[in-house]
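To start, the structure itself, in structure tokens.
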Amino acid sequence: MLTERQSLILKQIVDTYSATGEPVGSKSLAQRLPIRVSSATIRNDMSILSANDYIEKLHTSSGRVPSERGYRYYLDHLAEPAPPDAQYQQYIQELLGGSFQQLDDIVRQSAEVLSELTEYPAITISPESQTGEIVQHLQVLKLNGRHLMAVVIMNTGQVENQAFVVHEDWSTAQLEKATNILNETYAEQPFSLVVKDLATNRLQSLAAVVPNLAVLRHVFQYVLQKFTRDQFFLSGRTKLFPVGVANADDYGQSNSLVDINDDLLSIVDGVISPLSVQLGFELPNNSLRSYSIVSGLYDVGVHGIGRIAIIGPTRMEYPKVMGLVDAFRTELQNRISGYYHGYE
């Protein structure tokens, strides 16, 4: 463990470097530290921090920057989320306070607003659907010609659908009869029961109505599976070089986020702490080496757990970003809980 003074010096180096992008020297530290310390004492402590790999020297500059180990120590022991000021809090509440028709609309807009406020790409993941929810309505309808659509509506107001093409002619009357039979069989039934029954029930009453029962069963099974999948939103793809990042090398390759959605989903979805930071060297994808991911969980009880995250350069203002993510996860939790309450 570092001494109290060494911790203050490391914290000041991280905070100053995050704000300016410039290596930090002993003279600058002497002016910024909250305690009076001579430059000679600061240089001695900086030597100890450097020898223990908490800070490092870049090029020929006399100043120092945080190392990977230094950032990790800072995040584990020194950094605290800085709550957004009242103006930011009001702005967040107003933007997420509108009328939403779909749960995913709330989650998607949260990513957009968080990206706007931080100037970094933002990720949001919808809560996992719970099998205790109720299937409210099923429908199969004609789009045009042989293009049809299967629709499922849950008691929570969530809607999923899937267009599909058939090789036979399905009349409007046949589709209406099929819709009636599906609802007589499954409407107001638990989600888990419907999923299980669709996999085993021969639905002979439908066989006499539609030209191809196997296709209809398959497409409704597919639509129901959508409710159990994570809904993943990434906003701010173009913000790979946020305002204030002077050196592109600090932020990785310009296209490094374009083709790694699956990795980002896996990383953020695996977070188990209410608020956490993962540094680039700790992540499985080498393309993320120059990034950090600040993640938060939001818990909506029986309706599941969702995630929210910011991906930015290693040199970011962590207290500010952590504070925004923390505020958003709380507001998102409240909004989604209210959304579900409207259907209960």
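These numbers come from a predicted model, not from an experiment.
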Inset, instruction - Measure the CG-CG distance between Leu297 and Leu332 for me, rounded to the nearest 0.5 Å. - result: 11.5 Å
Legend entry - Student check: side-chain heavy atoms of Leu224 and Val194 closer than 4.5 Å: yes
Inset, instruction - May I ask you to test the Ile181-Leu203 pair for a side-chain heavy-atom distance under 4.5 Å? - result: no
Inset, instruction - Assess whether atom CG of Asp197 is packed by more than 12 heavy atoms of other residues, nucleotides or ligands within 6.0 Å. - result: yes
Inset, instruction - Go through the steps to decide whether Tyr71 and Ser292 satisfy the test side chain to side chain donor-acceptor pair (under 3.5 Å), and finish with yes or no. - result: CA-CA 10 Å; Tyr71 273 119; Ser292 291; over 6 Å; no
Inset, instruction - Specify the closest pair of heavy atoms between Gln139 and Phe220, including all atoms of both residues, with the distance to one decimal. - result: O-CZ, 3.4 Å
Legend entry - Test log, rule side chain to side chain contact (heavy atoms under 4.5 Å, CB included), inputs Ile267 and Leu288: CA-CA 11 Å; Ile267 291 165; Leu288 295 168; 3.6 Å; yes
Legend entry - Heavy-atom side-chain contact between Val268 and Phe232 under 4.5 Å: no
Inset, instruction - First locate atom CG of Leu182, then atom CG of Leu206, and finally report the distance between them rounded to the nearest 0.5 Å. - result: 5.0 Å
Inset, instruction - Please answer whether the main-chain N or O of His167 pairs with a side-chain N or O of Arg146 as donor and acceptor at a distance below 3.5 Å. - result: yes
Legend entry - Met154 vs Val135 side-chain heavy atoms within contact, under 4.5 Å: yes
Inset, instruction - Please round to the nearest 0.5 Å and tell me the distance separating atom CD of Glu160 and atom OH of Tyr222. - result: 9.5 Å
Inset, instruction - Return yes when atom NZ of Lys177 has more than 12 non-hydrogen atoms of other residues, nucleotides or ligands closer than 6.0 Å, and no otherwise. - result: no
Legend entry - Shortest non-hydrogen contact between Ile134 and Pro190, atoms and distance: CD1-CA, 3.8 Å
Legend entry - Check: Ala111 main-chain N/O paired with Ser115 side-chain donor or acceptor under 3.5 Å: no
Legend entry - Spacing of CG belonging to Leu148 relative to CG belonging to Leu143, to within rounding of 0.5 Å: 7.0 Å
Legend entry - Salt bridge Glu80-Lys11, side-chain N to carboxylate O under 4.0 Å: no
Inset, instruction - Go through Met316 and Val294 one step at a time and tell me if the side chain to side chain contact (heavy atoms under 4.5 Å, CB included) criterion holds. - result: CA-CA 10 Å; Met316 74 166 80; Val294 181; 4.0 Å; yes
Inset, instruction - State, yes or no, whether a side-chain contact exists between Leu2 and Asn52 at a heavy-atom distance under 4.5 Å. - result: no
Inset, instruction - Tell me whether the guanidinium CZ or amine NZ of Arg329 lies under 6.0 angstrom from the six-membered ring centre of Tyr298 and within 45° of its axis. - result: no
Inset, instruction - Would you please name every residue forming a side chain to side chain contact (heavy atoms under 4.5 Å, CB included) with Val219, sequence neighbours left out? - result: Ala150, Gln162, Phe164, Leu216
Legend entry - Atom CD of Glu4: over 12 foreign heavy atoms under 6.0 Å: no
Inset, instruction - Kindly check if the number of other-residue, nucleotide or ligand heavy atoms within 6.0 Å of CD1 (Ile35) is above 12? - result: yes
Legend entry - Value rounded to 0.5 Å, distance of CG in Leu114 from CZ in Phe328: 5.0 Å
Inset, instruction - Take atom CD of Gln87 as the centre, draw a 6.0 Å sphere, and report whether it contains more than 12 heavy atoms from other residues, nucleotides or ligands. - result: no
Legend entry - Side-chain (Ser67) to main-chain (Asp53) donor-acceptor, under 3.5 angstrom: yes
Inset, instruction - Take atom CD of Gln89 as the centre, draw a 6.0 Å sphere, and report whether it contains more than 12 heavy atoms from other residues, nucleotides or ligands. - result: yes
Inset, instruction - Say whether, by atom type as modelled, one donor and one acceptor occur between the side chain of Arg307 and the main chain of Val271 under 3.5 angstrom. - result: yes
Legend entry - For the student: nearest non-hydrogen atoms of Gln174 and Val209, plus distance: NE2-O, 3.2 Å
Inset, instruction - Taking all heavy atoms of Asn285 and all of Ser287, pick out the closest pair and write down the distance. - result: OD1-N, 2.8 Å
Inset, instruction - Check whether any side-chain N or O of Thr314 sits under 3.5 Å from a backbone N or O of Ser290 as a donor-acceptor pair, and report yes or no. - result: yes
Inset, instruction - Evaluate whether atom NE2 of His77 has more than 12 neighbouring non-hydrogen atoms of other residues, nucleotides or ligands under 6.0 angstrom away. - result: yes
Inset, instruction - Evaluate whether atom OH of Tyr88 has more than 12 neighbouring non-hydrogen atoms of other residues, nucleotides or ligands under 6.0 angstrom away. - result: no
Inset, instruction - Taking all heavy atoms of Ile293 and all of Leu264, pick out the closest pair and write down the distance. - result: CD1-CD2, 4.1 Å
Legend entry - pair Ile9-Leu49: side-chain heavy atoms closer than 4.5 Å: yes
Inset, instruction - Output the distance between atom CD1 (Ile42) and atom CE (Met46), rounded to the nearest 0.5 Å. - result: 8.5 Å
Inset, instruction - Find out whether Tyr74 and Pro66 are in side-chain contact, i.e. whether some heavy atom of one side chain is under 4.5 Å from a heavy atom of the other. - result: no
Legend entry - Ser276 side chain vs Ile272 backbone, donor-acceptor pair below 3.5 Å: no
Legend entry - pair Arg335-Gln93: side-chain heavy atoms closer than 4.5 Å: yes
Legend entry - Nearest heavy-atom neighbours spanning Tyr318 and Leu279: OH-CD2, 3.5 Å
Legend entry - Linked, directly or transitively: Tyr54 and Met1 (ILVMFWY side chains, under 4.5 Å): yes
Inset, instruction - State plainly whether one hydrophobic cluster holds both Ile48 and Leu8, where clusters connect Ile, Leu, Val, Met, Phe, Trp and Tyr through side-chain heavy atoms under 4.5 angstrom apart. - result: no
Inset, instruction - Taking Asn183 for its side chain and Thr179 for its backbone only, find out whether a donor-acceptor pair lies under 3.5 Å. - result: yes
Inset, instruction - Could you tell me whether a side-chain N or O of Ser26 sits under 3.5 Å from a main-chain N or O of Arg43, the two making a donor and an acceptor? - result: no
Inset, instruction - Evaluate side chain to side chain contact (heavy atoms under 4.5 Å, CB included) for Glu22 paired with Tyr17, printing each intermediate quantity in order. - result: CA-CA 6 Å; Glu22 298 295 332; Tyr17 182 61; 5.7 Å; no
Inset, instruction - Give a yes-or-no answer on whether the side chains of Tyr73 and Gln6 include a donor-acceptor pair shorter than 3.5 Å. - result: no
Inset, instruction - Kindly determine whether Glu176 and Thr172 satisfy side chain to side chain contact (heavy atoms under 4.5 Å, CB included), including the steps that lead there. - result: CA-CA 6 Å; Glu176 289 176 353; Thr172 300; 3.7 Å; yes
Inset, instruction - Measure from the side-chain N and O atoms of Ser18 to the backbone N and O of Val14, and report whether any donor-acceptor pair falls under 3.5 Å. - result: yes
